[in-house]
Undergrad: 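Just dropping this structure here.
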Protein chains: 2
Amino acid sequence: MMPRRPEYDRDALIARARDIFWRQGWAGTSLKDLERELKLKPGSFYAAFGSKDALYGLALERYAQEGVARLRALADRLGPLEALKTQPRLVIEASGAPAKSCMLAKTYAELQAKDHDLAEQAGGHMAEMKACFADLFRQAQEAGDIGPDHDPNRLATRYQSDLLGLRLSAERSDVDAHEIAADIAADIDRL
Amino acid sequence: MMPRRPEYDRDALIARARDIFWRQGWAGTSLKDLERELKLKPGSFYAAFGSKDALYGLALERYAQEGVARLRALADRLGPLEALKTQPRLVIEASGAPAKSCMLAKTYAELQAKDHDLAEQAGGHMAEMKACFADLFRQAQEAGDIGPDHDPNRLATRYQSDLLGLRLSAERSDVDAHEIAADIAADIDRL
DNA sequence: TATATACTTGAGCGACCGCTCAAGAAAGAC
DNA sequence: GTCTTTCTTGAGCGGTCGCTCAAGTATATA
């Protein structure tokens with residue numbers, strides 16, 4: 001006696017929620033917003049996701065996972081050094097994205113003062129991302145593309161910081177983000 | 001027939017409100033929070049400031065104005081180049097500050113998607129700050145401390161972006177912000 | 001001291017918040 | 001068709017939001 005199946009595509013809903021949260025932030029997104037955009041009544045929403053925070057967590061997870069995957073794919077295609085040099089430009093040109101700035105950073109900045117679990121989760125993902133960058137710098141160093149007297153972890157820390165600044169700057173209309181991206185890439189060439 | 005004077009120091013209240021907003025953000029700060037921290041009942045609060053947003057605006061104004069003043073003072077004391085090299089370290093070492101990250105950037109990031117007036121105000125102040133940086137770079141260039149083949153405006157844009165990234169990174173426990181600050185200062189030396 | 005003028009107080013407004021749950025609708029098993 | 005199970009629906013809960021306002025209180029003038 002199997003009953004009816006849900007009418008929605010859960011994965012697609014998470015992706016849409018991610019875009020809304022990404023753009024509007026945690027406090028800036030109400031359940032009304034989600035219900036309207038996801039076309040879910042409150043009952044279905046809570047049956048599917050449990051709570052607003054739980055959905056935000058899923059959205060963050062998805063965001064981080066896709067970010068890592070995209071970077072790895074880029075490195076596979078271009079090699080570590082070129083990937084690191086290309087990433088700044090790619091990240092501000094992503095035309096389909098709901099925002100230029102990083103969702104992990106926005107989440108962390110918004111919720112850290114509250115010691116919210118989601119801030120901790122975002123921070124963890126930023127650490128993962130930093131580790132990815134460090135990996136690529138290390139590979140580039142082993143390939144001889146970067147001088148041996150550099151610490152890959154330190155390069156990664158600086159690089160991630162630059163990327164966060166770039167992506168925040170890219171939201172501003174009075175800033176030419178492409179110049180910044182080009183300068184970041186140029187810095188890598190000088191290593 | 002002059003009546004009683006207010007019991008509070010308006011300027012001090014604005015400074016305290018700035019610290020609360022800076023740490024907790026716009027949505028993250030409720031009137032209850034403000035009433036408790038400023039020791040004002042709702043009636044006095046609204047008599048003094050008109051609205052939460054109005055107080056936030058005053059706090060932003062104060063924040064921006066003090067930021068510019070601090071930078072100018074630093075430049076007067078150390079000269080333009082040294083000021084630019086020192087600022088990154090100072091900004092993450094400010095021990096009395098309620099947060100490492102920039103209140104203008106946090107405000108902009110939180111409210112831009114809503115097209116909130118406060119986001120526009122914050123963006124304007126960031127532009128002013130960028131102009132300050134450009135001024136210092138130009139002065140350093142005229143003094144011969146920086147090669148003549150650099151555009152001060154472009155340097156300022158990159159510098160501000162780096163500073164935003166640094167200050168956001170400085171909130172994280174898994175990041176050594178001093179390393180980043182030192183690297184940013186080192187970049188300036190290579191110009 | 002009497003009066004006019006402000007400041008202080010706090011109950012409480014309407015709106016919205018995240019969320020619950022009982023009732024109705026749909027679909028596979030028999 | 002009938003039954004069972006799940007999904008869908010939407011009214012509405014308790015709570016908090018930003019904010020108002022009338023009553024009470026303190027102070028400088030006259």
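Basis for what follows: all heavy atoms, side chains included, without hydrogens, waters or symmetry-related copies. Chain naming here is simple, since letters A, B, ... match the order of the sequence lines and numbering starts at 1 in each.
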Undergrad: Would you say B:Tyr46 reaches D:dC19's phosphate, i.e. side-chain N/O to OP1/OP2 under 4.0 Å?
TA: yes

Undergrad: Whole-Å distance between C:dG18 P and A:Leu38 CG?
TA: 13 Å

Undergrad: How long is the line joining CZ of A:Arg10 and P of D:dC7, in whole Å?
TA: 11 Å

Undergrad: Mind jotting down which residue pairs meet the side chain to side chain donor-acceptor pair (under 3.5 Å) criterion with at least one end in residues 67-79 of chain A? Sequence neighbours excluded, please.
TA: none

Undergrad: Do the side chains of A:Asp162 and A:Arg158 get close enough for a salt bridge, i.e. N-O under 4.0 angstrom?
TA: yes

Undergrad: Take the protein atom CG of A:Asp33 and the nucleotide atom P of C:dC17, then report the distance between them rounded to whole Å.
TA: 7 Å

Undergrad: Whole angstroms only, please: what is the CG-P distance between B:Asp53 and D:dC19?
TA: 7 Å

Undergrad: Provide, to the nearest angstrom, the distance between the CZ atom belonging to A:Phe45 and the C1' atom belonging to D:dC7.
TA: 16 Å

Undergrad: According to side-chain hydrogen bond (donor to acceptor under 3.5 Å, both in side chains), who are the partners of A:Gln160, at least two apart in sequence or on a separate chain?
TA: B:Arg172

Undergrad: With sequence neighbours left out, write down each residue that passes side-chain hydrogen bond (donor to acceptor under 3.5 Å, both in side chains) with A:Gln112, or none if nothing qualifies.
TA: none

Undergrad: Extract from the structure each pairing of a protein N or O with an N or O of nucleotides 10-16 of chain C at less than 3.5 Å, listing the distance.
TA:
{"unit_1": "C:dG10", "atom_1": "O6", "unit_2": "B:Gly43", "atom_2": "N", "d": "2.9"}

Undergrad: Could you state the atom-to-atom distance from CG of A:Leu40 to P of C:dC19 in whole Å?
TA: 14 Å

Undergrad: Without decimals, in angstroms, what is the distance between A:Lys52 NZ and C:dC17 P?
TA: 9 Å

Undergrad: Under the side chain to side chain donor-acceptor pair (under 3.5 Å) definition, can you give me all pairs with a residue in residues 146-155 of chain B, not counting sequence neighbours?
TA: A:Asp183-B:Arg154

Undergrad: Roughly, in whole Å, what's the span from CG in A:Leu34 to C1' in C:dC17?
TA: 13 Å

Undergrad: Which residues pass the side-chain hydrogen bond (donor to acceptor under 3.5 Å, both in side chains) test with A:Arg16, sequence neighbours left out?
TA: none

